[in-house]
2 protein chains.
Amino acid sequence: MIIIGEKINASLAGIKLIVQQRDRASLLELAKTQAAAGAGFIDVNVGTGVGSRDDEIVSIQWAIETIQEEVETPLCIDSADPAVLEAGLKARHGRPSLINSTKAKEKNLEQVVPLARRYNTPLIGLAMDEVGIPKTVGDRLRACENIAAACEKHGVSLETLYFDPLVIPISTDIKQGLVTLMTLAEIKKQLPGAKTVMGLSNVSYGLPGRTRLNVAFLHMAIYAGLDAAIMDPLDEALVGAVKTAEALVGKDRHCRRYTRAFRD
Amino acid sequence: MIIIGEKINASLAGIKLIVQQRDRASLLELAKTQAAAGAGFIDVNVGTGVGSRDDEIVSIQWAIETIQEEVETPLCIDSADPAVLEAGLKARHGRPSLINSTKAKEKNLEQVVPLARRYNTPLIGLAMDEVGIPKTVGDRLRACENIAAACEKHGVSLETLYFDPLVIPISTDIKQGLVTLMTLAEIKKQLPGAKTVMGLSNVSYGLPGRTRLNVAFLHMAIYAGLDAAIMDPLDEALVGAVKTAEALVGKDRHCRRYTRAFRD
C-alpha cells in the first residue's frame with residue numbers, strides 16, 4: 001500500500017506559518033522526514049484559509065519548487081481550486097505527481113479532469129457530489145461512476161484514478177464506518193483497474209482512544225482493498241498496522257517486511 | 001460477537017494436570033474468571049492425549065458437572081470423539097451448550113449431526129474434509145456445504161450451525177490469511193442464516209509480535225462477518241479488538257460499549 005504523507009497541510013497552524021513565512025528549512029524538513037519514513041507521495045496543501053487565490057498560487061509554486069530541489073519523492077498537489085492545482089502541476093516541471101482532487105460536481109470535473117489529461121498525472125476522485133457526501137454506498141458509488149465517466153470522456157484512463165470513498169466520524173453516525181468500507185469494496189468490484197485511497201483519522205473523531213480506532217479501520221480497509229492512505233508516515237502505530245495487514249492479506253512474501261519490522 | 005472462552009483445554013500442560021488430578025477448585029476458577037470476563041460459552045476439552053476413550057468420557061462428565069454446579073455460562077463441549085461429545089451432552093442435564101465439532105467427513109457427520117438433533121444443541125462445523133484442510137476458498141466452502149447438507153438431512157437447522165473457516169499460519173503459506181477471510185465472507189453469503197466462528201491465534205504461529213497479528217486478523221474477520229471467536233476472554237488486546245471492530249462496523253449503538261471500555 002502507498003502512503004501519502006499528510007503533514008504539509010496549511011490548515012494546520014504550524015504549517016500555515018511555514019507557508020506564510022516562506023520557511024524553506026522547515027518545509028524541506030517536513031518533506032525529507034516523510035520521504036525517509038517511506039512515503040510514496042508527499043501531499044502539499046498550502047491553503048491557509050486567508051489570502052487570495054493568487055496568494056495560494058504563489059505559495060504552491062514556492063512549495064513545489066522548493067521541495068523538488070532536494071526531494072525525489074513525487075508530490076501530491078492538494079487544493080480545492082483547479083487554478084491552484086494547475087499552478088502546482090506547472091511548477092513540478094514534468095516530474096511525477098498526483099492531483100488531489102476532484103469531486104463528482106460538473107463544474108469541478110470539467111476543470112480538474114482535463115488537467116489530469118494535459119499533465120498526464122493520476123487523479124484522486126472523491127465519492128461526493130453537488131450536494132455533499134452521500135449517506136449510502138449506492139450514492140457514493142454513483143459519484144465515483146460519474147467521475148469515471150468524465151474521465152473516459154476526457155481520455156483519462158481508469159487505471160490512473162484513485163477513488164476516495166470518504167470517511168465520516170462514527171460518533172455522528174454509527175453506520176458510516178461500514179458505509180465507507182463497503183463503498184471501497186464496491187469500487188474495487190465495479191470499477192476494476194481503479195485504485196482506492198483514504199484519509200483515516202476522521203473515523204474516530206469525537207471518541208477516546210483514536211489511534212486504536214484508526215488502526216483497526218486501516219486493518220479492515222486494507223482487507224477491503226485499500227491501495228493508498230493519506231496519513232502520517234511517521235506514525236508508528238499506523239505504519240505498523242499497514243505492515244501487519246499486508247502480511248495477513250498475502251501482500252508480503254514470506255512475511256519479510258513484517259518480520260524485519262517486528263523482529264525485536 | 002460471542003466470545004467462546006478457550007482456556008479449559010487439556011492439550012495445555014497445566015489444564016491436563018487439573019483434569020488428571022480432578023482439581024475442582026482450579027477448574028472452577030478457570031470457568032468463573034472466563035464467565036466474569038464476558039465469555040458467552042466456555043469451551044471444555046479434556047482430551048489429555050494419554051489414556052483411553054473411557055478416561056476421556058469420565059473426565060468430560062466430571063468437568064461438565066463440576067462447572068455447571070457453580071457457573072451459569074453455557075459450555076462448549078469440545079472433542080474429536082463423538083462418544084465423548086455425547087457423554088458431555090448427557091452430563092449437562094439439558095442446560096444450553098454448543099457442540100465442538102464436526103468436519104465434512106461422512107463417518108463424522110453421521111455420528112455428530114444426529115447428536116445436534118437429539119440434544120437440540122447448536123453445532124460447530126469445520127471447513128475440512130476427509131483429506132484435511134483444503135487450500136482454496138472453493139474447497140473449504142464445499143466442505144461447509146456438505147456439512148449443511150448433512151444437517152438438512154438430519155433435520156438440523158442452518159441457523160444452529162457455526163461454521164469455522166479454519167486458520168493456517170501465514171508463515172507456512174502467505175495466502176492463507178486471505179483464504180480464511182474470504183471463506184468466512186462466502187459462508188455468510190452462500191449459507192445465509194448460518195453463523196461463523198474462528199480460533200485466531202494459529203494465524204500468527206512462527207512469527208514475532210503474535211498479538212499484533214491476532215488483533216489485526218480479528219479486526220478483519222469481524223468486518224468479514226465473524227459471529228463468534230474461540231479465544232481468551234481475559235486477553236485485553238483481543239477483547240479490546242472486538243469492541244473496537246464492533247464500533248467500526250456499526251454493531252455498537254452510539255459507541256457506548258467502546259466508550260465505556262476506553263474512556264480513560
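Letters A, B, ... mirror the listed sequences (proteins, then strands); counts begin at 1. Computed from a predicted structure; not experimentally measured.
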What distance separates [X] [atom1] from [Y] [atom2], expressed to the nearest 0.5 Å?
| X | Y | atom1 | atom2 | value |
| --- | --- | --- | --- | --- |
| B/I222 | A/H219 | CD1 | NE2 | 12.5 Å |
| A/K175 | B/K251 | NZ | NZ | 14.0 Å |
| B/Y258 | A/S204 | OH | OG | 7.5 Å |

Item to check | Most chain B-contacting option - heavy-atom pairs closer than 4.5 Å, from A/L213, A/V179, A/D252 | outcome: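 The option with the most such pairs is A/L213.
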Checklist outcome for this item: Looking only at A/T172, A/T259, A/V249, the option with the highest number of non-hydrogen pairs under 4.5 Å against chain B is A/V249
Determine the minimum heavy-atom distance between [X] and [Y], stating which atoms define it.
| X | Y | value |
| --- | --- | --- |
| A/A247 | B/I170 | O-CD1, 3.7 Å |
| B/R212 | A/F262 | CZ-CE2, 3.1 Å |
| A/L248 | B/F217 | CD1-N, 3.5 Å |

[X] atom [atom1], over 12 foreign heavy atoms within 6.0 Å:
| X | atom1 | value |
| --- | --- | --- |
| B/K7 | NZ | no |
| A/K32 | NZ | yes |
| B/E72 | CD | no |
| A/E152 | CD | no |
| A/E236 | CD | no |
| A/M128 | CE | yes |
| A/K188 | NZ | yes |

Item to check | Contacting moiety of B/L207, where chain A heavy atoms sit under 4.5 Å | outcome: side chain
Contacting moiety of [X], where chain B heavy atoms sit under 4.5 Å:
| X | answer |
| --- | --- |
| A/A261 | neither |
| A/V203 | side chain |
| A/A185 | side chain |
| A/R263 | backbone |

Checklist entry - Quick one: of B/A241, B/G209, B/G250, B/P208, who has the most non-hydrogen atom pairs under 4.5 Å with chain A? => result B/P208
